[in-house]
> 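First, the structure itself, so that you have it in front of you.
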2 protein chains.
Amino acid sequence: MARAATTSDPFNAVAEPRRRQILTFLAADERDVSEIVVAVGLDQPSVSKHLGVLRRVGLVRVRRNGRHRLYRTNAAALKPVHDWTETFERLWRHQLERVKERAESQMNPKPPSQ
Amino acid sequence: MARAATTSDPFNAVAEPRRRQILTFLAADERDVSEIVVAVGLDQPSVSKHLGVLRRVGLVRVRRNGRHRLYRTNAAALKPVHDWTETFERLWRHQLERVKERAESQMNPKPPSQ
DNA sequence: ACATTACATACCTATATGGGAATATGTCAA
DNA sequence: TTGACATATTCCCATATAGGTATGTAATGT
């Protein structure tokens with residue numbers, strides 16, 4: 001089989017750097033498409049397609065205002081990604097602690113325990 | 001251009017469900033490839049290829065033990081993903097609070113302020 | 001109605017898979 | 001050395017893009 005559809009879930013949606021860039025850009029305020037086009041430096045149809053993907057997985061919300069469409073990030077849809085990585089947080093904290101301990105024992109060496 | 005290489009960064013690596021499954025499986029203990037094959041239900045070459053991707057982005061570590069290769073999750077490599085989603089955490093917390101407030105005001109309606 | 005603006009969508013192409021089959025590589029055991 | 005076992009790699013194909021070009025569509029101004 002080929003690669004899974006990027007439209008299927010937030011993990012795939014945020015795998016694309018441009019889409020992460022868009023989500024960051026839309027995190028603070030709502031913006032229309034032309035502003036996003038300027039911000040990411042792609043042409044308009046490409047941006048619209050990225051917005052389509054983000055829309056389908058619920059990562060952005062749209063509101064019409066006359067001819068403009070105002071997009072904004074729907075951060076809640078990122079929670080599954082955050083939660084999944086969170087389950088590994090304890091592991092890397094342990095790991096970093098071990099690294100830190102090793103560094104400290106280098107600075108202030110203890111004799112090897114018999 | 002085509003889709004970005006999945007080997008390029010942790011975001012792409014964890015976009016694949018099978019790889020997330022593998023990372024979860026390898027989070028607790030180290031396991032050899034045949035155990036992973038059983039766990040995810042793919043054939044061995046496919047698993048080896050997924051492990052190759054995870055290796056290249058540093059999401060797993062390998063240790064040889066005779067004919068076996070023992071893999072384990074390197075959780076620290078997930079930190080960039082966690083950190084990025086973390087920057088949106090404040091936003092979805094606000095959002096959830098608004099939802100909660102609305103729910104509460106439904107349960108105990110207040111008269112509209114003049 | 002007509003032109004213009006702001007987007008979305010359709011279509012096209014190069015590319016990067018994901019998975020399976022076959023094969024190569026590496027390691028141990030007798 | 002020979003064989004068996006554990007993995008990795010190569011080759012193949014179907015598929016899903018990402019981005020660009022061309023086009024469709026909705027809303028506004030005159």
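Just the heavy atoms: all of them, side chains too, but no hydrogens, waters or symmetry mates, feed the values below.
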> Can you list, by residue number, the residues of residues 30-47 of chain B that have a non-hydrogen atom closer than 4.0 angstrom to DNA chain C?
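Contacting residues: B:Leu42, B:Asp43, B:Pro45, B:Ser46.
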
> What class does the angle between the rings of A:Trp92 and B:His82 fall in, given that below 30° is parallel, 30 to 60° is tilted and above 60° is perpendicular?
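Plane angle over 60°, so perpendicular.
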
> Separation of A:Asn12 atom CG from D:dT15 atom P, in whole Å?
18 Å

> In the single-linkage hydrophobic clustering (I, L, V, M, F, W, Y; side-chain heavy atoms under 4.5 Å), do A:Trp84 and A:Leu91 co-cluster?
yes

> Hey, which of these two, B:Ser48 or A:Lys49, hits DNA chain D nearer its 5' end, going by closest nucleotide?
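Going by which nucleotide is closer to the 5' end, it is B:Ser48.
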
> Taking NE2 from A:His50 and P from C:dC7, how many angstroms apart are they, rounded to a whole number?
17 Å

> When rounded to the nearest 0.5 angstrom, what is the spacing between NE2 in B:His50 and CD in B:Gln21?
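Spacing of NE2 (B:His50) from CD (B:Gln21) equals 9.5 Å.
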
> Do any N or O atoms from the side chain of A:Asn65 and from the backbone of A:His68 form a donor-acceptor pair under 3.5 angstrom?
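Side chain of A:Asn65 to backbone of A:His68, a donor-acceptor pair under 3.5 Å: no, none is there.
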
> Tell me: CD of A:Glu16 to C1' of C:dA16, nearest whole Å?
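Interatomic distance, CD of A:Glu16 to C1' of C:dA16: 13 Å.
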
> Are A:Tyr71 and C:dA6 close enough that a side-chain N or O sits under 4.0 Å from OP1 or OP2?
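Checking A:Tyr71 against C:dA6: no side-chain N or O falls below 4.0 Å of OP1 or OP2.
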
> Give the rounded distance in Å between these two atoms: CZ of A:Arg63 and P of C:dC7.
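Rounded to the whole Å, the gap is 13 Å.
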
> Working to the nearest 0.5 angstrom, can you tell me the gap between B:Lys49 NZ and B:Arg55 CZ?
13.0 Å

> Of the options D:dA6, D:dG20, D:dC11, whose atoms approach the side-chain atoms of B:His68 most closely?
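It is D:dA6.
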
> Is it the case that the side chain of A:Asn74 and the backbone of A:Gly58 share a donor-acceptor pair, with hydrogens and angles ignored and the cut-off at 3.5 Å?
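Yes; judged by distance alone, with no hydrogens or angles, the pair exists.
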
> Starting at the 5' end of nucleotides 25-30 of chain D, put B wherever the base has a protein heavy atom under 4.0 Å, S where only the sugar-phosphate does, and a dash everywhere else.
-SBB--

> So among A:Val53, A:Leu54, A:Ile36, which one has a side chain to side chain contact (heavy atoms under 4.5 Å, CB included) with A:Val60?
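Result: among A:Val53, A:Leu54, A:Ile36, A:Leu54 is the only option passing the side chain to side chain contact (heavy atoms under 4.5 Å, CB included) with A:Val60.
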
> Send over the distance from B:Phe11 CZ to D:dT17 C1', rounded to a whole Å.
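Value for this atom pair: 20 Å.
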
> What distance do A:Leu26 atom CG and A:Arg19 atom CZ have between them, rounded to the nearest 0.5 Å?
13.5 Å

> Measuring only between side-chain heavy atoms, which start at C-beta, is B:Asp29 closer than 4.5 Å to B:Arg31?
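Yes - at least one pair of side-chain heavy atoms lies under 4.5 Å apart.
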
